[in-house]
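Everything on this sheet refers to the single structure shown next.
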Amino acid sequence: MQKQFIVLFFILQTSWSMSAQNYDESMVPSYTLPELLIDTAGNQVQSVAEWENRRGQILSLFEQHMYGRVPDFAYQTSHTTRVLDAADIAENATQEEVTIALENEYGQVQIIILLTLPKNRSGKVPVFLGLNFQGNQATYPNPEITLTSNYVIGGDQLGIQNNKATEESRGARASRWPLDLILSKGYGLATVHCGDIDPDFDDGFKNGVHALLPEAPASDQWGTVAAWAWGLSRVMDYLVYDGRIDGEKVAVIGHSRLGKAALWAGAIDQRFALVISNDSGCGGAALSRRQFGETVEAINDRFPHWFCSNFHQYNQLENQLPVDQHMLMALIAPRAVYVASATEDQWADPKGEYTSLYLAGPVFNLFGFKTLEQDQLPPADTPIGTDRQAYHLRTGKHDLTPYDWQQYLDFADHIGIGR
Ligand code: GCU
């Protein structure tokens, strides 16, 4: 009886949430986007210098209303390195774990970077940096990689039990991190479990890096996405310090919720030369005002800890947001940005993801770069791009695949990161 009740409840829940979402283009409301190039004093931005001022205004708006700003806090940092044997790639690469410890009177956070660098190139190495969902051990089947002890999302099929990674999780997500391909093109890979920085559940901000502060965040202070972005910058601090790596050629990449974090990290931290959003959707590349697929209300209801609490005021009130995601894309200029979507990932709104990238064009133009020519979503499996903006819509599901990586690597080569 109880089981039947639970099943019925689940069906009702699912059908309720499905009906509350829009997957019909004709139901997209009409909307007016906030002006990218008119500053708060009402002046038209016409030069790079004026844009720098406008950029600061937009950044503050995103901080205050969406991602939350990082509070000032003091901590000490140190790192240790553990070299791994990595027998199966050792001919072509080195692999190590660099543990960054961040510590203050309230606690300690350890961020473990799994760093794999190719041997087949002279000079400093360009690197892709990306957070992973299930722990470093899930990205590559090397038994020496530390099994994460932090909270992980995922189920049995990924070797996760009760949000803990088991030995079965080793290599379970290797398809998302095609190391051989990345190394063969002369790039290194740095990956970190997002749960090292902030475990992905709503605990009132008592764990992860939030625990280094005595109080929970104020309404305009960081949620989990901003904490992940901040963590990416701390990893970047290490990458620019490591003499083997070319700190001017680091691409930050993220899939889905971690794509939201990659975009925000790329917006705030101008050291990232290329920013890659893979299927990041709502709160990432997709325009909020389209209300297609996942909406602001849907994301805040299911993941109340991701954004700052001010963002919850915009549930069903997307039109009142002082920003939209084309402005996030523009914050990355004149550095490069790649956005990708998948045909079966309507929840992430491919059209909204492309449109925001396209609408950021005028800012790239101010810096002398060509803008994307077509305002319509390109056909599937047909990558398009300029020297600073690129996009593809892959056939298939919400995922990060070798096809996606192939396009990112080609684009990185194209813009000269691989040289
Ligand atoms: C959910 C969530 C998305 C998110 C995705 C993911 O689907 O609604 O916003 O991008 O999870 O991270 O896989």
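Counting convention: from 1, in listed order, for ligands and their atoms alike.
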**Asked** What's the verdict on side chain to side chain donor-acceptor pair (under 3.5 Å) for Asp404 and Thr401, showing C-alpha distance, side-chain angles and the deciding distance?
**Response** CA-CA 5 Å; Asp404 297 316; Thr401 71; 3.2 Å; yes
**Asked** Tell me, do Glu63 and Trp264 make a side-chain contact under 4.5 Å, heavy atoms counted?
**Response** yes
**Asked** Going by atom types only, do Arg170 and Gln137 share a side-chain donor-acceptor pair under 3.5 Å?
**Response** no
Could you give the N/O to N/O pairs under 3.5 Å linking ligand 1 and the protein, each with its distance?
{"residue": "ligand 1", "atom": "7 (O)", "partner": "Trp347", "partner atom": "NE1", "Å": "3.1"}
{"residue": "ligand 1", "atom": "8 (O)", "partner": "Glu294", "partner atom": "OE1", "Å": "3.1"}
{"residue": "ligand 1", "atom": "8 (O)", "partner": "Glu294", "partner atom": "OE2", "Å": "2.6"}
{"residue": "ligand 1", "atom": "8 (O)", "partner": "Arg302", "partner atom": "NH1", "Å": "3.3"}
{"residue": "ligand 1", "atom": "8 (O)", "partner": "Trp347", "partner atom": "NE1", "Å": "2.8"}
{"residue": "ligand 1", "atom": "9 (O)", "partner": "Lys260", "partner atom": "NZ", "Å": "2.9"}
{"residue": "ligand 1", "atom": "9 (O)", "partner": "Glu294", "partner atom": "OE1", "Å": "2.5"}
{"residue": "ligand 1", "atom": "9 (O)", "partner": "Glu294", "partner atom": "OE2", "Å": "3.4"}
{"residue": "ligand 1", "atom": "10 (O)", "partner": "Ser256", "partner atom": "OG", "Å": "2.7"}
{"residue": "ligand 1", "atom": "10 (O)", "partner": "Arg257", "partner atom": "N", "Å": "3.3"}
{"residue": "ligand 1", "atom": "10 (O)", "partner": "Lys260", "partner atom": "NZ", "Å": "3.1"}
{"residue": "ligand 1", "atom": "11 (O)", "partner": "Arg257", "partner atom": "NH2", "Å": "2.9"}
{"residue": "ligand 1", "atom": "12 (O)", "partner": "Ser256", "partner atom": "OG", "Å": "2.7"}
{"residue": "ligand 1", "atom": "12 (O)", "partner": "Arg257", "partner atom": "N", "Å": "2.9"}
{"residue": "ligand 1", "atom": "12 (O)", "partner": "Arg257", "partner atom": "NE", "Å": "2.5"}
{"residue": "ligand 1", "atom": "12 (O)", "partner": "Arg257", "partner atom": "NH2", "Å": "3.3"}
{"residue": "ligand 1", "atom": "13 (O)", "partner": "Ser256", "partner atom": "OG", "Å": "2.7"}
{"residue": "ligand 1", "atom": "13 (O)", "partner": "His398", "partner atom": "NE2", "Å": "3.2"}

**Item:** Arg244 and Asp242 ion-paired at < 4.0 Å
**Value:** yes
**Prompt:** Can we say Glu318 and Arg289 salt-bridge, meaning some charged N sits less than 4.0 Å from an Asp/Glu carboxylate O?
**Reply:** no
**Request:** Go through the structure and list residues passing ring pair (Phe, Tyr, Trp, His ring centres under 6.0 Å) with His312, not counting sequence neighbours.
**Result:** none
